[in-house]
There are 2 protein chains.
Amino acid sequence: MARTPPRPPRDAAPAPRAGKAVTIRDVAKVAGVSPITVSRALNNPELVTPDTLERVRAVVARTGYVPNFLAGSLRSRRSRVIAAVFPQITNSMFADAIQAFTDRLRAEGYEVLLGLSSYEQREDELIAGILGRRPEGIYLTGINHSPQTRRRLIASHIPVVEAWDLTPTPIDMLVGFSHEKAGAAMARHLLAKGHRRIGLVWGKDPRAGVRRRGIEEALAEAGIDAVPASLEPPPGKFQFGREGFADLLRRGERVSAVACSSDPLAQGVVAEAQQRGLRIPEDLAVIGFGDFDFAAHTSPSLTTIAIEKARIGQLAAEALIARIEGREVAERVVDVGFRLVEREST
Amino acid sequence: MARTPPRPPRDAAPAPRAGKAVTIRDVAKVAGVSPITVSRALNNPELVTPDTLERVRAVVARTGYVPNFLAGSLRSRRSRVIAAVFPQITNSMFADAIQAFTDRLRAEGYEVLLGLSSYEQREDELIAGILGRRPEGIYLTGINHSPQTRRRLIASHIPVVEAWDLTPTPIDMLVGFSHEKAGAAMARHLLAKGHRRIGLVWGKDPRAGVRRRGIEEALAEAGIDAVPASLEPPPGKFQFGREGFADLLRRGERVSAVACSSDPLAQGVVAEAQQRGLRIPEDLAVIGFGDFDFAAHTSPSLTTIAIEKARIGQLAAEALIARIEGREVAERVVDVGFRLVEREST
DNA sequence: GCCGGAAATGATACCGATACCATTTCCGGA
DNA sequence: TCCGGAAATGGTATCGGTATCATTTCCGGC
């Protein structure tokens with residue numbers, strides 16, 4: 001019984017001891033160099049003889065060594081992690097931005113820590129947890145943050161990009177556009193089409209609120225003060241659009257046009273109106289927001305506001321990278337603007 | 001000139017020394033306890049006197065101490081990070097799963113590291129980078145992984161959930177459904193509606209490929225061997241649906257029904273067909289896949305295959321949590337199934 | 001063959017928390 | 001009052017890398 005334990009079946013090679021993970025010291029020992037040389041071979045191969053490099057790489061491959069970035073990050077103070085906080089990603093315009101942001105950062109060797117704050121007050125807690133992971137940069141959606149969060153972010157001394165909104169006083173950097181102007185553009189478009197009785201089916205998130213103000217101010221300038229609205233909780237689902245329009249009708253609001261805070265809501269309004277026998281745009285004009293992918297391919301196609309979503313993500317990523325690399329960012333506030341796309345629904 | 005530098009404008013409170021971050025030792029010193037007691041106050045408050053707890057918390061608040069989880073994770077071997085790898089999130093069904101997955105994990109105090117592999121061979125490299133961060137669990141989309149990646153994951157000894165597909169031999173755990181059966185269900189639906197000339201507008205991702213096989217086999221059983229297809233690169237954009245259908249027509253394929261690998265493609269086909277004066281479903285039946293939010297709200301509404309996307313994310317999260325907490329998972333393979341939803345387009 | 005500086009490698013300390021075990025404090029019961 | 005065990009707290013070592021500085025090796029030019 002008291003025999004030496006049988007060696008594992010396969011792997012005649014220096015079998016990684018079960019349970020104990022391979023460390024840089026193990027690799028160093030097998031390769032006959034010091035740990036720091038292994039570190040250099042992996043991170044700065046140009047500092048190492050081709051011969052040494054090859055030897056180290058061979059041992060790494062053979063042992064299945066996986067460097068522990070937690071340890072490395074702790075010492076070097078470089079986590080190569082960037083955090084991104086979004087309210088949500090279902091049915092939202094943020095997916096494109098996340099994709100572009102992540103792709104850009106991956107190309108530079110960063111990993112992305114994703115936080116979803118659900119439009120609630122969870123942002124504080126979420127960001128506290130994130131900061132503990134020592135990201136090298138943070139992307140935030142929107143500019144409405146609690147004083148505590150602002151303080152924490154400033155104290156952290158890491159680059160911060162706020163996105164999707166506009167303010168002359170960002171925490172650090174910003175990539176976005178004016179929701180007030182976007183709202184005004186929607187209003188003016190409907191006014192130009194001759195509409196005077198305009199209803200809103202609108203999401204309850206903060207940026208949508210600003211767009212609504214933009215609409216109402218533009219309408220007020222045209223002498224229109226009553227703007228009936230049906231408010232829906234995020235996310236902007238098609239179903240909520242249907243219900244919102246039904247709600248307006250139920251309340252007896254007689255509107256010739258409906259503006260929506262997002263395309264899914266707008267398409268929901270279209271669907272509900274069509275079901276009730278209304279012709280679009282003759283009986284009812286509908287305008288959305290976001291230029292979602294489907295907007296150009298429904299029947300009728302949807303007039304909307306287009307945002308360069310992916311560009312926001314990409315610019316935000318680049319701003320963070322620039323800062324991390326010590327380059328000064330010329331424009332701390334970038335306005336990517338928006339574009340009204342007129343289609344068949346208005 | 002040689003005056004002491006002016007103290008920072010505000011903050012009469014014990015100003016954190018610029019540059020040097022507050023550590024647990026600083027907090028301990030100010031609170032008059034040992035570092036380990038601070039650690040306990042923050043992580044296991046029940047181990048500490050209410051009095052001590054309050055004192056520590058006060059100091060933490062005053063100094064703005066942010067625990068360094070890199071250090072803690074290194075020592076405790078618990079990163080409280082879970083990684084999730086998706087091919088992409090734009091125009092995809094994964095957004096709902098990510099949302100549910102992330103929400104569930106946040107509730108348990110985990111942060112999510114998001115990897116987007118872009119359907120390319122980047123998965124290997126991506127996962128290597130991720131493993132270095134020592135996540136406590138990994139969510140993977142799909143079951144097609146390189147041998148190297150499989151080996152690495154197994155060697156890492158962390159719980160793995162594969163999702164969106166089905167196999168009796170997952171790396172560890174799995175939550176998904178049978179794409180083969182889903183494809184067959186689509187085919188049978190069209191057959192039942194009397195269609196014999198069926199075309200495909202189809203995405204090129206691996207799981208779509210399996211669904212296609214399911215369709216073709218079911219059609220073959222019905223004696224239909226020629227199934228013209230137009231293949232489109234991911235992501236499944238509406239525009240690609242239009243082009244795909246145009247492509248079929250250009251090639252002279254006369255079809256009475258088109259099956260698509262995703263709803264956006266299907267809606268693109270619908271749009272293109274409508275534009276060419278075809279009535280749906282009389283002249284052309286169209287079936288999609290995924291039951292995207294818009295599918296029920298377009299005109300005509302879209303017949304499709306519904307997946308409980310959020311449930312996949314949630315179950316995957318729960319499986320990982322269970323494993324991490326040492327509970328045995330009864331069902332290592334969970335089939336969430338699918339449901340054909342018949343609407344107006346077929 | 002010798003010299004000097006660059007290239008390659010190594011020794012040591014350290015990042016900031018927590019595991020582990022030891023010590024002190026506290027409190028009810030004999 | 002004393003005792004014993006639980007509760008609270010602390011000392012020290014350690015996780016696994018890399019920064020820093022020191023040392024050794026290498027090589028061309030004189």
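Naming convention: chains lettered A, B, ... in sequence-line order (proteins, then strands); numbering from 1 in each chain. Computed from a prediction, not measured in an experiment: that's the story for all the values here.
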Worksheet item: What is the distance from CG of B/Asp51 to C1' of C/dC26, rounded to the nearest Å?
Response: 14 Å

Worksheet entry | Atom-pair distance (CZ on B/Phe69; C1' on D/dC15), nearest Å | 17 Å

Discussion item. Determine whether a donor-acceptor pair (one donor, one acceptor, N or O, separation below 3.5 Å) exists between the side chain of B/Arg75 and the base of C/dG16.
Written reply: no

Worksheet item: Do the ring planes of A/Phe94 and A/Trp164 sit parallel (below 30°), tilted (30 to 60°) or perpendicular (above 60°)?
Response: perpendicular

Fill in: For atom CG of A/Asn44 and atom P of C/dA8, their distance in whole Å
12 Å

Fill in: Atom-to-atom span, CG of A/Asn43 to C1' of C/dT9 - whole angstrom
16 Å

Item to complete: Would you kindly check whether a donor in the side chain of B/Arg40 faces an acceptor in the base of D/dG10, or vice versa, at under 3.5 angstrom?
Response: yes

Worksheet entry | Criterion side chain to side chain donor-acceptor pair (under 3.5 Å) against A/Glu136, the qualifying member of A/Arg77, A/Arg78, A/Arg323 | A/Arg78

Worksheet item: What integer distance in Å separates A/Arg78:CZ from D/dT18:P?
Response: 12 Å

Worksheet item: Which sits closer to the 5' end of DNA chain D, B/Val33 or B/Ser76, going by the nucleotide each is nearest to?
Response: B/Val33

Item to complete: Under 4.0 Å between any heavy atoms, over every strand shown, what does B/Ser73 touch: base, sugar-phosphate, or nothing? Just pick one.
Response: nothing

Worksheet item: What integer distance in Å separates B/Arg25:CZ from D/dT12:P?
Response: 12 Å

Worksheet item: Between C/dA11, D/dT9, D/dA13, which one does the side chain of A/Ile36 approach most closely?
Response: C/dA11

Item to complete: Measure the distance from CG on A/Leu42 to P on D/dG16 and round it to the nearest whole Å.
Response: 16 Å

Response to the item:
Comparing nearest nucleotides in DNA chain C, the 5'-proximal residue of the pair B/Ser39, A/Ser34 is A/Ser34

Worksheet, complete the sentence: Heavy-atom nearest pair, B/Ser118 first then A/Gln99, reads OG-NE2, 4.3 Å

Worksheet item: Within less than 4.0 Å of OP1 or OP2 of C/dA17, is there a side-chain N or O belonging to B/Tyr65?
Response: yes

Worksheet item: Can you check whether B/Asn68 has a side-chain N or O nearer than 4.0 Å to OP1 or OP2 of C/dC15?
Response: no

Practice prompt. Would you kindly give the CG-to-C1' distance between B/Leu74 and C/dA19, to the nearest whole Å?
Written response: 12 Å

Worksheet item: Quick one: is C/dG10 close enough that its OP1 or OP2 comes under 4.0 Å of any side-chain N or O from A/Thr37?
Response: yes

Worksheet item: Around atom CD of B/Glu54, are there more than 12 heavy atoms of other residues, nucleotides or ligands at under 6.0 Å?
Response: no

Worksheet entry | Which residue lies more 5' along DNA chain D, comparing B/Glu46 with B/Arg134 via nearest heavy atoms | B/Glu46

Discussion item. Which nucleotide wins on minimum distance to the side chain of A/Arg77, given the candidates D/dG17, C/dA17, C/dG16?
Written reply: C/dG16

Worksheet item: At what distance, to the nearest 0.5 angstrom, does CG of B/Asp205 lie from OG1 of B/Thr141?
Response: 10.5 Å

